[in-house]
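For this chain, numbers begin at 1 and follow the sequence in order. What you are looking at is a predicted structure, and each value in this text was computed from that prediction instead of being measured.
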Amino acid sequence: MIRKFLVGLALLVLAAPAALGQEAEREANLRSLVEAERAFASASVARGIKTSFIENMNDASILFRPGPVAGKRWMEERPAS
């Protein structure tokens with residue numbers, strides 16, 4: 001019984017740094033996402049929503065209108081609202 005406890009405790013101690021590292025990475029990823037969203041929001045106010053979307057879209061992006069279309073090209077062909 002004590003041996004199982006010690007083995008379990010050892011595994012917990014060994015696994016803790018990895019779990020903490022994953023949490024730190026998750027936090028960093030979340031901060032990065034929030035910063036990107038804020039930058040996009042600022043750009044949309046400064047340059048307009050359509051321009052901001054086009055600047056941030058990949059050439060291979062897809063939008064559903066209602067079926068799939070080439071996203072960047074579709075945005076470029078439509079007038080700004």
Could you work out the complete set of other residues in the hydrophobic cluster of Ile49, with links drawn between I, L, V, M, F, W and Y side chains under 4.5 Å apart? Phe40, Phe53, Ile54, Met57, Leu63, Val69, Trp74, Met75
Restricting to side-chain contact (heavy atoms from CB on, under 4.5 Å), what partner residues turn up for Pro66, sequence neighbours left out?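 side-chain contact (heavy atoms from CB on, under 4.5 Å) list for Pro66, sorted by chain: empty.
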Please list, chain by chain and in numerical order, all residues satisfying side-chain contact (heavy atoms from CB on, under 4.5 Å) with Glu77, sequence neighbours excluded. Arg73
Side chain to side chain donor-acceptor pair (under 3.5 Å): which pairs involve residues 27-40, sequence neighbours left out?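 For residues 27-40, and leaving out neighbouring residues, there are no side chain to side chain donor-acceptor pair (under 3.5 Å) pairs at all.
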I need the full list of side chain to side chain donor-acceptor pair (under 3.5 Å) pairs touching residues 40-56, with sequence neighbours left out, sorted by first then second residue. Arg47-Glu55
Sorted by chain and number, sequence neighbours left out, side chain to side chain donor-acceptor pair (under 3.5 Å) with Asn58 holds for none
